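Take a look at the structure below.
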Number of protein chains: 2
Amino acid sequence: MKSTKGCSYCNHTSCVSKVPIFSSLDERDARDIAALIEHKNYKKGDILINEGDKVNSITIINTGSVKAYKYTPDGREQILYVLTEGDFFGERSLLSSENADFYIEALDDVGVCVITKERFHSLLYTHPDIAINIIDELGKRIATMENAFQSISVRNLDARIAALLLDYANRYGIMTKDGVKINLPISREGMANQLGIARETMSRKLSQLEKKGIILSENNKTLIIYNMDMLDEMAGIK
Amino acid sequence: MKSTKGCSYCNHTSCVSKVPIFSSLDERDARDIAALIEHKNYKKGDILINEGDKVNSITIINTGSVKAYKYTPDGREQILYVLTEGDFFGERSLLSSENADFYIEALDDVGVCVITKERFHSLLYTHPDIAINIIDELGKRIATMENAFQSISVRNLDARIAALLLDYANRYGIMTKDGVKINLPISREGMANQLGIARETMSRKLSQLEKKGIILSENNKTLIIYNMDMLDEMAGIK
DNA sequence: AAATGTGATCTAGATCACATTT
DNA sequence: AAATGTGATCTAGATCACATTT
């Protein structure tokens, strides 16, 4: 992991322009904020945050993706979020200074922008817009969780899997002539961990979907969804 | 349901003083904000928000409690939150003007404070503190959901039930000489709906806990927890 | 070698059908 | 009358034990 600060070759406004919470800023403000930002890079598998770490900054993903996870009491990994470009974490450090109760791990090589808690705090006072954008983002995140929450308590596993694939399609999907192509950021086991089910069950359910002609799995790294409507229906979105 | 505005008999600063998001205000600011607030009362069973309603205001619970819920695709009621004194909803209306995708129903007689989106919005510009408090509150709510989320995906149902009872104890519990006494805001069926399990399973699990001497159910309306430590252990909090 | 798939079992909780309480 | 409890069954998904792929 290396940290760059004030380097000439990297585009310092990149995070600022990419991140929804800064969307309302004009160019001049964007430059001001860029000056407060520190860039860091991590390799796949690096741990950005360990359980128990003191979190003193907000981190925004610039490139790559990370997973946020905890362990269940019985020792299984429970993935809370997969965060990608433009997503952020550490916002809970803004007011409280509790220690992290989760892990953040790089799923690929990752570039991030970091703003310390103090700098960010003062930023909010000078730019109330940003605070409102954050409230909005957090509101969206809550909405997403509510849906996931509702879906996870749906007893019908097929619906939950359909919802997960639709979420992936939304976030990582690329339209192709065959259908929506998804470059999976995580393994089958990771997917199972997101739903809190057994790896074997995940495999079985995906092969069923493949047999039904709804999806095509290539190499376990790529997934093509032939029939989004069918997934919508399975997920209970009518 | 009746709406009071500028009435002389009710304490207009009540919401302001009760609500964590206004905690950083001095008395003068509190009075200013109180002037922006409208009070409303609802009877048990009243629907405060219907799915599809346009939500144009933030509502803060002053007295009583409400449940926020949705329906699962297979028609079961899924309770997302039980909100009580000091909790708020409608914050998602701040920026986006999407329609509600949930219901809010009064669990008892309920008094609330309402601030319109526009008024609240301008408030955030004049009092950035409040925005930061909201960010903090939303952060907490996310943390709570993450825990619930994690717990719901724990395959061990006993742990989830223990966690639910501990949550109730925290929120509605009163210390007595026998143990923590909880006046349940919802029925067995409601509790089951919060965990997404069958009513029968809830009954069975609670009788088991009673047989083990961990809890005592009185009348199905009150629950006494004799042994909090045992619940902690069951919930996987060591 | 690690990730994934798959058959054979096992089991927790759903469902059904009532009995019992409030 | 509605909410709750409880026994008898059923079933989806976990677990185990390997085989197969990458």
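Only a predicted model underlies this, so the values are computations on that prediction, with no experimental measurement involved. Convention: sequence-line order gives letters A, B, ...; per-chain numbering from 1.
- Between the side chains of B:Tyr69 and B:Glu105, at least one donor N or O sits under 3.5 Å from an acceptor N or O.
- For the atom pair CE of B:Met234 and CD1 of B:Ile161, the computed distance is 7.0 Å after rounding to the nearest 0.5 Å.
- If you check every strand for non-hydrogen atoms under 4.0 Å, B:Glu189 touches sugar and phosphate atoms only.
- Atom CG of A:Asn220 is separated from atom C1' of C:dA3 by 8 Å (rounded to the nearest Å).
- Between the CG atom of A:Leu138 and the CZ atom of A:Arg92 there is a distance of 10.5 Å, given to the nearest 0.5 Å.
- Atom CG of A:Leu195 is separated from atom C1' of D:dA14 by 15 Å (rounded to the nearest Å).
- Whole-Å rounding puts the A:Leu157 CG to D:dA12 P distance at 11 Å.
- Summarising the geometry, atom CG belonging to A:Asp109 is positioned 8.5 Å from atom OG1 belonging to A:Thr63; distances are rounded to the nearest 0.5 Å.
- Taking for each of B:Gly190 and A:Thr201 the nucleotide of DNA chain D with the nearest heavy atom, the 5'-most of the two is the partner of B:Gly190.
- One interatomic measurement links the two molecules: CZ of A:Arg160 to P of D:dA12, which rounds to 15 Å at whole-angstrom precision.
- Ionic pairing of B:Lys67 and B:Glu77 is present here: one or more N-O contacts between side-chain nitrogen and carboxylate oxygen are shorter than 4.0 angstrom.
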Below 3.5 Å, can you tabulate the donor-acceptor pairs from side chains in residues 79-88 of chain B to any protein atom, sequence neighbours excluded?
unit_1  : atom_1 : unit_2   : atom_2 : d
B:Tyr81 : OH     : A:Glu146 : OE2    : 2.7
B:Asp87 : OD2    : B:Thr84  : N      : 2.8

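- Across the protein-nucleic acid pair, A:Met191 atom CE and C:dA3 atom P stand 16 Å apart, rounded to whole Å.
- Rounded to whole Å, the distance from CZ on A:Arg188 to P on D:dT22 is 11 Å.
- Neither side chain, A:Arg171 nor A:Ser65, offers a donor N or O lying under 3.5 Å from an acceptor on the other.
- Of the candidates D:dA14, C:dA17, C:dT22, the closest approach to any side-chain atom of B:Glu200 belongs to C:dA17.
- The CG atom of A:Asn193 sits 11 Å away from the P atom of C:dT4 (whole-angstrom rounding).
- Comment: B:Asp46 does not engage B:Lys40 in a salt bridge, judged by the lack of any side-chain N to carboxylate O separation of less than 4.0 angstrom.
- Using a 4.0 Å cutoff on non-hydrogen atoms, the parts of residues 204-215 of chain A near DNA chain C are A:Arg204, A:Ser207, ordered by number.
- When distances are taken from the side chain of B:Asn219 to each of C:dT22, D:dT4, C:dG5, the shortest belongs to C:dT22.
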Practice problem: Run the numbers on A:Phe89 and A:Ile61 for side-chain contact (heavy atoms from CB on, under 4.5 Å), then give the verdict. | Solution: CA-CA 9 Å; A:Phe89 61 85; A:Ile61 313 288; 4.0 Å; yes
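- Considering only side-chain N and O atoms, A:Ser203 lies under 4.0 angstrom from the phosphate OP1 or OP2 of C:dG5.
- Terminal axes of the helix from C:dA1-D:dT22 to C:dT22-D:dA1 (five pairs each, C1' rotation axis) are separated by 50°, to the nearest 10°.
- Atom CD1 of B:Ile197 and atom C1' of D:dA12 are 17 Å apart (whole Å).
- For B:Arg199 and D:dG5, a side-chain-to-base donor-acceptor distance below 3.5 Å is present, hydrogens and geometry of angles not being considered.
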